[in-house]
Number of protein chains: 2
Amino acid sequence: MSQNDISSQMLKGILQGCLLILINQQPYYGYAISQELSKYGFADVPKGTIYPLLMSMEKKGLIVGKTQPSKDGPQRKYYHITTTGKQARQTFLNKWDMLSLNVNDLINERRNDT
Amino acid sequence: MSQNDISSQMLKGILQGCLLILINQQPYYGYAISQELSKYGFADVPKGTIYPLLMSMEKKGLIVGKTQPSKDGPQRKYYHITTTGKQARQTFLNKWDMLSLNVNDLINERRNDT
DNA sequence: AATGACTAGTTTGTAAAACAAAATAGTAAA
DNA sequence: TTTACTATTTTGTTTTACAAACTAGTCATT
């Protein structure tokens with residue numbers, strides 16, 4: 001892992017928000033999500049992370065999964081966003097804005113430190 | 001907790017980087033760090049989080065703590081940054097830039113979704 | 001038909017992390 | 001002397017990450 005990769009530690013807490021953004025756009029299944037995340041630098045988010053996270057999000061009522069057969073392989077479980085999920089998505093957007101503003105402030109006020 | 005507060009979940013992984021930024025600027029003790037973090041919206045990061053984190057950072061060799069008496073109360077443990085810590089700080093800065101670019105891309109390409 | 005490559009999901013077990021809460025301890029003002 | 005504020009450590013519980021193993025489907029080679 002290069003020093004510019006996003007570490008699993010930093011991804012914590014943000015991953016769920018990103019999944020809400022994706023699933024809000026269109027129904028996604030787990031495997032496709034991990035492929036989509038790769039496009040945004042979240043290379044190789046382990047399936048041991050992503051599938052259990054999707055299950056816990058379903059348990060919280062943020063998304064609902066519907067299995068559908070695929071002619072390219074085994075069944076896919078497509079997750080759809082719920083009303084609760086849409087609210088959680090908006091909350092995430094607000095929190096992410098706050099977080100990045102604050103962290104950037106903290107960094108920039110100390111830019112000149114060795 | 002209001003919906004615009006930064007959740008503990010989202011702070012994970014970023015907190016250590018922020019501590020490195022602060023301690024790189026000047027030696028800090030735990031209590032002062034939690035006060036400084038409040039200025040940046042990280043209100044009430046629990047001491048059950050911050051003190052064990054500082055200890056684990058010392059164990060990793062990123063910082064070293066030196067206790068000094070205080071006339072305003074009990075002893076303070078001032079943490080100083082190490083060479084390893086300075087490197088970790090730079091790595092964090094690179095990763096944070098990557099992360100915020102990628103998350104903002106993911107969000108902005110879906111800005112118009114309901 | 002057997003093998004390997006790719007797709008797709010669940011379950012299990014372990015290690016790490018968050019953090020509430022309690023314990024300890026110092027100063028200072030009411 | 002009681003309360004408030006400062007300051008750190010330790011303990012125990014809950015949550016989380018995620019590696020690894022298992023199941024299972026398609027398709028192209030061998």
Side-chain angles (χ1 to χ4, degrees), chain A residues 1 5-19 22-23 27-38 42-60 62-80 95 99, chain B residues 1 5-19 22-23 27-38 42-60 62-80 95 99:
Chain A
M1 155 124 72
D5 286 340
I6 296 160
S7 75
S8 64
Q9 291 299 316
M10 288 190 62
L11 195 51
K12 283 175 192 173
I14 293 168
L15 191 56
Q16 177 178 298
C18 290
L19 297 198
L22 289 178
I23 297 170
Y28 267 99
Y29 59 98
Y31 199 85
I33 283 174
S34 73
Q35 290 176 322
E36 189 67 19
L37 287 177
S38 307
F42 308 116
D44 304 317
V45 177
K47 55 186 176 174
T49 296
I50 196 153
Y51 285 113
L53 177 56
L54 285 168
M55 290 178 206
S56 91
M57 287 169 70
E58 184 170 33
K59 209 170 172 184
K60 289 177 196 160
L62 305 177
I63 54 179
V64 280
K66 296 171 187 172
T67 51
Q68 277 184 261
S70 160
K71 47 177 188 166
D72 300 319
Q75 280 201 325
R76 298 168 173 172
K77 195 177 214 169
Y78 283 86
Y79 287 97
H80 299 248
K95 285 184 181 176
L99 180 76
Chain B
M1 154 123 68
D5 287 339
I6 297 162
S7 74
S8 65
Q9 292 299 318
M10 287 188 63
L11 196 50
K12 283 176 192 173
I14 294 167
L15 191 56
Q16 175 177 299
C18 290
L19 298 197
L22 290 177
I23 297 170
Y28 267 98
Y29 57 99
Y31 199 84
I33 284 174
S34 74
Q35 290 177 321
E36 189 68 19
L37 287 177
S38 306
F42 307 117
D44 303 318
V45 178
K47 55 188 174 169
T49 296
I50 196 154
Y51 283 112
L53 177 56
L54 285 169
M55 290 178 207
S56 90
M57 287 168 72
E58 184 169 32
K59 211 171 171 182
K60 289 177 197 162
L62 305 177
I63 54 178
V64 280
K66 294 173 186 172
T67 51
Q68 277 184 261
S70 160
K71 47 176 188 169
D72 300 320
Q75 281 201 323
R76 297 168 174 173
K77 193 177 215 167
Y78 283 87
Y79 287 97
H80 300 249
K95 286 184 181 176
L99 180 76

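What you see is a predicted model, and the numbers here were worked out from it, not measured in a lab.
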Find the distance [X]:[atom1] to [N]:[atom2] and express it as a whole number of Å.
{"X": "B:Q68", "N": "D:dA7", "atom1": "CD", "atom2": "C1'", "result": "14 Å"}
{"X": "A:F42", "N": "D:dA17", "atom1": "CZ", "atom2": "P", "result": "14 Å"}
{"X": "B:L54", "N": "D:dT8", "atom1": "CG", "atom2": "P", "result": "9 Å"}

| Does B:E36 have any side-chain hydrogen bond (donor to acceptor under 3.5 Å, both in side chains) partners at least two apart in sequence or in another chain, and if so, which? |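 For B:E36, the residues satisfying side-chain hydrogen bond (donor to acceptor under 3.5 Å, both in side chains) (neighbours in sequence not counted) are A:R110, B:K39.
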| How would you list, by chain and number, every residue that makes a side-chain hydrogen bond (donor to acceptor under 3.5 Å, both in side chains) with B:K60, sequence neighbours excluded? | B:Q16
| message | List the residues meeting side chain to side chain contact (heavy atoms under 4.5 Å, CB included) with A:Y29, not counting sequence neighbours, and say none if there are none. | response |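 Partners of A:Y29 under the side chain to side chain contact (heavy atoms under 4.5 Å, CB included) test: A:Y31, A:A32, A:R76, A:Y78.
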| note | With sequence neighbours left out, the residues meeting side chain to side chain contact (heavy atoms under 4.5 Å, CB included) with A:S34 are A:I50
To the nearest 0.5 Å, what is the distance between [atom1] on [X] and [atom2] on [Y]?
{"X": "B:I33", "Y": "B:Y51", "atom1": "CD1", "atom2": "OH", "answer": "8.5 Å"}
{"X": "B:L54", "Y": "B:I63", "atom1": "CG", "atom2": "CD1", "answer": "5.0 Å"}
{"X": "A:L15", "Y": "A:T49", "atom1": "CG", "atom2": "OG1", "answer": "7.5 Å"}

| field | Where B:H80 and B:I23 come nearest, the two heavy atoms and their spacing | value | C-CG2, 3.8 Å
Show me the protein contacts with nucleotides 11-14 of chain D, counting only N or O atoms at under 3.5 Å.
none

| field | Residue whose closest nucleotide on DNA chain D lies nearer the 5' end, A:K60 versus B:T67 | value | B:T67
Pairs under 3.5 angstrom, nitrogen or oxygen only, protein versus nucleotides 7-9 of chain C, please.
residue, atom, partner, partner atom, Å
C:dT7, OP2, A:Y31, OH, 2.8
C:dT7, O5', A:Y31, OH, 3.4
C:dA8, OP1, A:Y29, OH, 3.3
C:dA8, OP1, A:R76, NE, 2.3
C:dA8, OP1, A:R76, NH2, 2.3
C:dA8, OP2, A:Y29, OH, 3.1
C:dA8, O3', A:Q75, O, 3.4
C:dG9, OP1, A:K77, N, 2.5
C:dG9, OP2, A:G30, N, 3.4
C:dG9, OP2, A:Y31, N, 2.9
C:dG9, OP2, A:Y51, OH, 2.7
C:dG9, O6, A:K47, NZ, 3.0

